[in-house]
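Worksheet for the structure shown next.
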Amino acid sequence: MPPPTKFAVLLFPGFQALDVFGPLDVLNMLSRGRPFEFSVVAARLGPVPTRASDSRQSIGQQIVATHTLQDAPEDIEVLLVPGGMGTRNTEATQPEVDFIRERFPRLRFLLTVCTGSALAARAGVLDGKRATTNKASFDWVTTNGPKVEWVRQARWVSDGNVWTSSGVSAGIDMMYGFVAAEFGEEVAAAVAWDSEYERNTDPSNDPFSGR
């Protein structure tokens with residue numbers, strides 16, 4: 001099949017900024033000359049804050065959702081799910097978990113960053129698959145998916161159509177790996193060069209696995 005062109009990110013209050021903006025900037029640059037479509041999906045329209053209500057952070061930013069969980073495009077091919085402190089609120093994020101479960105069979109790819117894998121695990125879509133997550137939160141995340149083959153020593157893991165990455169900045173390396181797999185290594189290398197970004201191209205090279 002040709003490379004995907006229809007992308008979406010699933011947001012919730014308390015998402016981690018770099019989990020989102022790192023991978024999305026790769027897509028932004030990749031989209032030059034390519035007819036991509038992109039949606040920001042959240043429980044409701046309007047701004048979604050990076051700062052959770054119980055956060056110790058004094059500042060945060062917001063992204064404006066373009067679609068709700070109910071009216072998100074039916075033809076999303078690639079869904080990106082970030083992590084962040086908001087993933088710890090299991091009651092508040094249940095609608096997002098339900099959305100992942102309902103949409104997964106129609107997705108070509110599911111990509112998670114950091115503790116976003118906890119939401120995917122709760123949805124049951126990681127059962128029987130290899131996956132990784134933020135190493136500082138590894139013990140908590142893994143309790144959400146007892147049927148998942150969790151990999152501690154990994155910067156990112158790809159298993160079929162599911163890609164999961166370690167903490168925060170690892171999402172950038174995962175996205176470059178995904179671009180290399182779908183669009184070609186030369187394309188990924190060119191985008192990284194334009195970004196002046198030094199890639200980690202080895203998914204098992206995870207210096208934070210001992211946290």
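Fair warning: this is a prediction, and the values are worked out from it, not measured in the lab.
- Nearest heavy atom pair, residue Ala8 against residue Val41, reads CB-CG2, 4.3 Å.
- Salt bridge status for Glu96 with Arg122: absent, with no side-chain N to carboxylate O gap under 4.0 Å.
- Each of Leu18, Thr50, Leu119, Val9 was evaluated against Pro82; a single residue qualifies, Val9, per the side chain to side chain contact (heavy atoms under 4.5 Å, CB included) test.
- Neither side chain, Arg88 nor Thr115, offers a donor N or O lying under 3.5 Å from an acceptor on the other.
- Looking at Arg108 and Glu77, a side-chain N of the basic residue comes within less than 4.0 Å of a carboxylate O on the acidic one, giving a salt bridge.
- Relative ring orientation between Phe21 and Phe15 is described as tilted, the plane-to-plane angle lying within the 30° to 60° band.
- Phe7 pairs in a side chain to side chain contact (heavy atoms under 4.5 Å, CB included) with only one of the listed residues (Leu80, Ile76, Val78, Leu111), which is Val78.
- Aromatic ring pairs are classed by plane angle as parallel below 30°, tilted from 30° to 60° and perpendicular above 60°; the pair Tyr176 and Tyr197 is parallel.
- Within the 4.5 Å cutoff, the side chain of Thr68 has heavy atoms near those of the Leu45 side chain.
- Side-chain contact of Thr201 with Arg155: a donor-acceptor pair under 3.5 Å is absent, judged by distance alone.
- Enclosure of atom CH2 in Trp193 is not indicated, since only 12 or fewer non-hydrogen atoms of other residues, nucleotides or ligands lie within 6.0 angstrom.
- Under the 30°/60° scheme for interplanar angles, the aromatic rings of Trp150 and Phe138 are found to stand perpendicular.
- The number of heavy atoms from other shown groups lying within 6.0 Å of CZ (Arg44) does not exceed 12.
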